[in-house]
There are 2 protein chains.
Amino acid sequence: MVDLNRLKQIYKFGKELSLKDIQVLLKAAKNSSFNKKELLINEGSKRNDVFYIKSGLVRCFNINDKGEEITLKLIPEHQVVANVDLILFSQSSRFFYEALENTEVFFIDYDVLQDLVSRHPKLETNRKYVLQRLLKESMERVESFVLLTPEERYLRFVKDYPGITNRVQDKYIANVLGITPVSLSRIRKRIATKN
Amino acid sequence: MVDLNRLKQIYKFGKELSLKDIQVLLKAAKNSSFNKKELLINEGSKRNDVFYIKSGLVRCFNINDKGEEITLKLIPEHQVVANVDLILFSQSSRFFYEALENTEVFFIDYDVLQDLVSRHPKLETNRKYVLQRLLKESMERVESFVLLTPEERYLRFVKDYPGITNRVQDKYIANVLGITPVSLSRIRKRIATKN
DNA sequence: TTTATAAATTATCTTTTGTTAACGCCTTTA
DNA sequence: TAAAGGCGTTAACAAAAGATAATTTATAAA
């Protein structure tokens, strides 16, 4: 039923979890996979599931006034995808969550997860861990906008997400950095000519 | 000892807290005040206290390579100031936290708070509330950098922080928006001439 | 493999921002 | 009260970024 490989896969979720706690989680979680270009969560969705990405890559985007897709976030394997608008703000999703690669996930309904956590206190530690990781990531991104130039921001991004440039289109990365694809292209050239 | 006024003051901390829970918090918390320009937390500090701002205003800043102060965040009354580097990342503070106005606070050691929370489950709800509010604020700031122009970002800022322009120097606001004070001045002029 | 489509680069031009410095205004300090 | 310092605005110039379109390169479809 629950083999060791799956346990190892989920293990990066939180380091303090015992095998028993992981089994409790896994028992309640469902497996699923999304093909490239498939949506995990649609705009306007009230889908309440929390996804753990076993493998693959998801992008979070919305569509602006001009009808352009703007990518806000790239979420690779071993991270969590959730409808934050619903879970944190009690509103339907303002964003699309799309698989950029074939993506394998565990998922579990947030209310079920809440209940699980309340009955298994050890899971609370893990919940805190996930929340804190989200907070850390978000705060560091704010810092990068305030303290760094776009060029420095790009260099930090490729350092923080090694190999991401080979997996994701530049235009998505440009969006995440808050600049245009054309500008990113120029920045890359500037960096290249420095060396 | 604990009068109603103080309870009302702290009440905005979390809406689900009962009077009893608040009293538990207040009993463990200490009162303090900081004069304008005084530091709540110094760079390099391992101070472990969580401050609740009863009244006043705090700015979080650091000093860049060129020796310039860069303001990352402004924190007004009814919000929480804490050494996030220590609490979330177990490192000494990379930032200064300075009172911009005479500032009244409650504060409580984070470890003591942790212990309190573990012994008073209702407080856990509040803890979650504070964390989620930090996360929401941080994520919305990221969004504003990705989706908005500096001008739009400024307009949203003054909307989200009503009256802030009368309390804080423009150069701090410029930093928070990720632009220079000169650029902010031009943006303000541009907005003014539109109307 | 060829064709069609999309993405990245490059070019051109416009707009905005950064940088530095000067000026006037206001507040603080001596 | 006078002097000093800081702040916001403005100006002038340089650098970077946005917008748009053309070109090349890469990818996907037929």
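Here is the naming used below: chain letters follow the sequence lines, and residue numbers restart at 1 for every chain.
Map B:Val182 and A:Lys171 each onto its nearest nucleotide of DNA chain C; the residue landing nearer the 5' end is A:Lys171. Positionally, the nearest nucleotide of DNA chain D for B:Tyr172 lies more toward the 5' end than for the other of B:Lys189 and B:Tyr172.
Residues A:His78 and A:Tyr52 have side chains in contact (heavy-atom distance under 4.5 Å, counting atoms from C-beta outward).
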Report all interatomic pairs (protein N or O, nucleotide N or O of nucleotides 15-17 of chain C) with separations under 3.5 Å.
| residue | atom | partner | partner atom | Å |
| --- | --- | --- | --- | --- |
| C:dT17 | OP2 | B:Arg190 | NH1 | 3.1 |
| C:dT17 | OP2 | B:Arg190 | NH2 | 3.1 |

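For B:Ser144 and B:Arg156, the side-chain atoms include no donor-acceptor pair closer than 3.5 Å.
B:Ser138 contributes no side-chain N or O that, together with a main-chain N or O of B:Leu134, makes up a donor-acceptor pair within less than 3.5 Å. Of the possible polar contacts, none joining the B:Ser185 side chain to the B:Pro181 backbone as a donor-acceptor pair under 3.5 Å is found.
Counting heavy-atom neighbours within 6.0 Å of B:Lys122 NZ, excluding the residue itself, gives a total of 12 or less.
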Contact state string [nucleotides 23-30 of chain C, B base, S sugar-phosphate only, - no protein heavy atom under 4.0 Å]: --------

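Atom CG of A:Asn175 and atom CD1 of A:Ile70 lie 4.5 Å apart (nearest 0.5 Å).
Ring geometry for A:Tyr161 versus A:Phe157: interplanar angle under 30°, hence parallel rather than tilted (30 to 60°). Using a 30° and 60° split on the angle between ring planes, B:Phe107 and B:Phe51 fall in the tilted class, from 30° to 60°.
Here B:Arg127 does not pair with A:Glu124 in a salt bridge; the nearest charged N to carboxylate O distance is not below 4.0 Å. Taking a cutoff of 4.0 Å between a charged side-chain nitrogen and a carboxylate oxygen, B:Asp49 and B:Lys30 do not qualify as a salt bridge.
Between chain B and DNA chain D, the heavy-atom contact criterion of under 4.0 Å yields a 5' to 3' nucleotide range of D:dC7 to D:dA12.
The nearest whole Å value for the distance from the CD atom in A:Glu68 to the P atom in C:dA7 is 13 Å.
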